[in-house]
**Q** 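Provided herewith is a single structure, encoded as structure tokens, for subsequent inquiry.
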Amino acid sequence: MKLTGAQVLFEALQKENVDTIFGFPGGAVLDIFDELYRRKIRNILVRHEQGAIHAADGYARVSGKVGVCLVTSGPGATNTVTGIANAFMDSIPVVVLTGQVATSLIGGDAFQEVDITGITRPCTKHNFLVRRIDDLGRIVREAFHIARSGRPGPVLIDIPKDITKSLIEDNDISWTLSLPNNNKKVSIEDACAKALDMIRQAERPLVISGGGVLLGRAWDELRTFVKLLNVPITSTLMGLGAFPASDPHWLGMPGMHGTYYANMAISNCDLLIALGVRFDDRVTSKLDAFAPHAKVLHVDIDPASIDKFVKTNLSIASDCKPVLQLLNKWISDKSFTMPEKQTKAWLEQIQKWKEFAPLTYCQSDKIKPQYVVETLYRLTEGKAIISTEVGQNQMWAAQFYHFDYPNSFITSGGLGTMGYGFPAAIGAQVARPDKVVVDIAGDGSIQMNIQELATAVNYDLPVKIVILNNGFLGMVRQWQELFYGKRYSHSNINNVPDFVKLAEAYGAVGLRATRPEEVEATLRKGLDVAKTVIMDFHVEPEEGVYPMVSPGAAISDMVLRK
Amino acid sequence: MEVKENTISILVNNRPDVLARIAGTFSGRGFNIESISANITRNPEITRIVITTLGNRETVIKLEKQLTKIIDVLEVKDLTRANAACREMVLVRMKLTDANQVKIMQTVDTLKGKIVNMDVDTCILEVTGGKKDIDDALAFLDKMGMDDFTRTGVVAVERQK
């Protein structure tokens with residue numbers, strides 16, 4: 001039997017158990033969409049290709065599966081680039097299918113032609129231009145394998161239009177992966193034994209866990225590890241939810257807007273056990289002053305993340321899960337004990353730091369954004385999936401929604417993409433229709449992908465958007481306030497739309513609160529209605545995110561409040 | 001740490017975009033390519049790329065790790081510390097005059113070079129050698145009426161497997 005390229009593509013997607021994709025049609029992918037018309041696979045039709053890639057990314061983060069997006073050539077493809085870079089920075093497995101002009105036209109500046117493999121080379125884990133229909137099946141399977149294996153990441157497949165139309169005998173399709181096997185098996189036993197020695201000697205141990213624990217699905221092992229050792233733990237922005245925020249061992253997030261006690265713990269520990277982190281500059285700030293007294297034990301699946309900035313005393317280039325499993329086994333088997341008094345003073349010191357400067361804010365007669373997030377946490381009992389945009393909204397969400405569950409916080413950590421949160425929430429809601437999904441947004445960033453309201457309403461996705469509306473690009477304003485003499489250059493966006501009317505125009509529900517006493521009722525109402533909802537909270541315009549480490553300062557050097 | 005020239009051998013799948021990936025990793029990650037040479041190996045599906053780059057040991061380790069992440073890269077080896085034989089080749093076009101002809105012929109002999117082309121008023125010399133040999137040869141020939149030259153990147157092979 002002969003199959004078209006488009007049919008081969010869907011056969012390949014079926015082999016990868018893809019049941020949902022996020023896409024937007026166009027000239028170069030007409031044959032693929034024509035085949036999609038006959039298929040059971042579900043396409044969520046977005047309103048902008050950036051929405052498609054962020055939704056696929058959010059879907060992947062929540063489901064643990066590979067997210068897939070399908071767009072046309074030229075502008076369709078370039079519109080996904082921000083989202084690809086976003087997934088690349090946060091190591092999210094997505095496969096991006098782009099149409100391309102016919103092979104005979106490539107290189108001739110054809111209509112809607114762009115060299116998308118060239119453009120995305122530095123921000124994909126790998127990409128492919130399909131040159132022959134014979135390769136298509138194999139390439140799709142390789143793309144999925146690359147996207148999800150090792151340190152995950154985005155993979156792009158560029159498919160010329162003639163290939164989607166041409167025919168191949170089904171027996172001639174090669175499905176066999178031909179990838180170089182450069183995943184050298186690392187033996188972790190010796191390193192783990194050394195790690196245990198380091199742990200045994202530590203008087204001031206601290207765990208810092210990151211996104212790698214979530215990507216490696218090692219949260220149970222992490223929880224066991226921390227409890228067996230009775231050590232304090234801090235989790236980076238990307239790692240929130242891997243360890244329960246309500247657990248007394250947890251110190252909150254470290255870094256620029258981390259807690260006082262997490263940053264003090266890093267600055268004073270004598271052993272830093274780093275699990276699935278890559279030591280982003282927003283975490284370390286001034287490198288010389290980061291964990292200056294600590295031996296560093298670093299476990300990360302990507303060897304390139306090890307010794308990149310923070311020098312390690314012992315490193316294990318491995319997935320966190322087997323390392324933690326082995327350590328946990330040894331710690332419980334070999335009656336491993338750390339004398340309780342060895343770390344007693346350390347744990348008491350940490351308790352003092354916690355009491356000295358807890359995360360807090362002052363109520364006033366205006367709505368405080370932190371109060372909105374806190375109330376949302378209370379009303380959803382911490383069980384919602386929270387996405388965020390980027391800036392103050394993101395930091396307040398990270399600080400005041402206490403994440404107890406893995407894969408319940410989806411945020412643009414590495415790239416810092418305004419406009420990420422809402423389409424990502426759509427993807428999350430598609431993956432988890434049973435969950436309450438809330439995008440915590442600012443009035444600036446929500447406008448960057450606001451068109452996806454149509455998508456959410458179209459598919460009856462009851463995504464909630466909580467806008468912390470301060471009339472500013474809040475984080476920019478905060479930096480201008482602190483470091484640029486309050487010259488609010490182009491950060492005032494007071495002329496924002498009426499978000500209630502805007503919601504209604506799209507067929508969503510719009511609610512507004514302008515006074516603190518309206519916050520809870522507004523949230524309750526918004527959470528209760530099974531529709532797409534915008535909740536517009538007019539918050540204190542010049543509220544800042546604190547604590548704050550000034551750029552370039554040591555993380556122990558924090559401004560605790562304004 | 002000491003900054004010096006490093007010779008790195010990279011085995012890659014012989015695919016159309018692999019050179020762009022390697023070059024992009026250098027430029028995007030802040031490394032610099034001093035010289036480059038590439039051709040197929042005994043297995044024509046595999047290409048060896050030899051690149052020289054300036055940097056200290058730490059930089060080279062970071063670079064090796066980044067290169068290893070490229071899917072089509074099969075092996076990365078730092079030949080600087082691997083006791084490898086390294087050679088370059090240069091083709092030099094000389095202007096011929098009655099005054100310099102004999103001197104050029106003598107120089108070719110001294111450099112163990114070859115004359116690969118001879119016209120009435122120009123000739124082309126071929127010289128191979130280590131980097132310093134080529135530097136010296138070019139400095140010498142420059143004084144004798146050198147018109148232009150083309151120099152390859154380094155090719156290198158380990159003395160023992």
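From a predicted model like this one, the values you see are computed outputs, not experimental measurements.
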**Q** Verify the neighbour count for atom CZ of B:R57: are there more than 12 heavy atoms of other residues, nucleotides or ligands below 6.0 Å?
**A**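 Buried by this count: over 12 neighbours within 6.0 Å.
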**Q** Crowded around A:K286 NZ? As in, over 12 foreign heavy atoms under 6.0 Å?
**A**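 At most 12 heavy atoms, drawn from other residues, nucleotides or ligands, come within 6.0 Å of this atom.
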**Q** Would you say A:D190 has more than 12 foreign heavy atoms packed within less than 6.0 Å of its CG?
**A**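 No, because the 6.0 Å sphere around CG of A:D190 holds 12 heavy atoms or fewer from other groups.
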**Q** Any Lys/Arg nitrogen of A:K308 or B:E58 sitting under 4.0 Å from an Asp/Glu carboxylate oxygen of the other?
**A**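 B:E58 and A:K308: not salt-bridged.
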**Q** Taking everything shown except A:K311 itself, do over 12 heavy atoms lie less than 6.0 Å from its NZ?
**A**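 Result for NZ/A:K311: enclosed.
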**Q** Closest heavy-atom contact between B:I71 and A:I146?
**A**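 Between these two residues, the closest heavy atoms are CD1-CG2, 3.8 Å.
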**Q** Could you check if a side-chain atom of A:I306 sits within less than 4.5 angstrom of a side-chain atom of B:K65, using non-hydrogen atoms only?
**A**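 A:I306 vs B:K65: side chains touch.
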**Q** For chain B, which of A:R151, A:E142, A:R131 has the most heavy-atom pairs under 4.5 Å?
**A**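 Looking at each of A:R151, A:E142, A:R131 in turn, A:R131 comes out on top.
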**Q** Run the side-chain contact (heavy atoms from CB on, under 4.5 Å) check on B:R21 and A:N127 step by step: do they pass?
**A** CA-CA 10 Å; B:R21 291 183 199 281; A:N127 60 24; 2.8 Å; yes
**Q** With a 4.5 angstrom heavy-atom cut-off, is it the side chain or the backbone of A:S178 that approaches chain B, or both, or neither?
**A**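 Both backbone and side chain.
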**Q** Answer yes or no: does atom CG of A:D109 have more than 12 heavy-atom neighbours from other residues, nucleotides or ligands under 6.0 Å?
**A**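 Atom CG in A:D109 is not crowded, with 12 or fewer foreign heavy atoms closer than 6.0 Å.
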**Q** For B:K69 and A:H126: C-alpha separation, side-chain torsions, deciding distance, then whether side-chain contact (heavy atoms from CB on, under 4.5 Å) applies.
**A** CA-CA 10 Å; B:K69 284 171 77 165; A:H126 193 58; over 6 Å; no
**Q** Less than 4.5 Å to any heavy atom of chain A: does that hold for the side chain of B:E64, its backbone, both, or neither?
**A**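 Looking at B:E64, nothing touches chain A.
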**Q** I'd like to check the ring pair (Phe, Tyr, Trp, His ring centres under 6.0 Å) partners of A:F144; sequence neighbours left out, ordered by chain and number.
**A**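 Per chain and number, A:F144 pairs via ring pair (Phe, Tyr, Trp, His ring centres under 6.0 Å) with no residue.
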**Q** Find the distance between CD1 (B:I70) and NZ (A:K125) and round it off to the nearest 0.5 Å.
**A**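 Output value for this atom pair is 13.0 Å.
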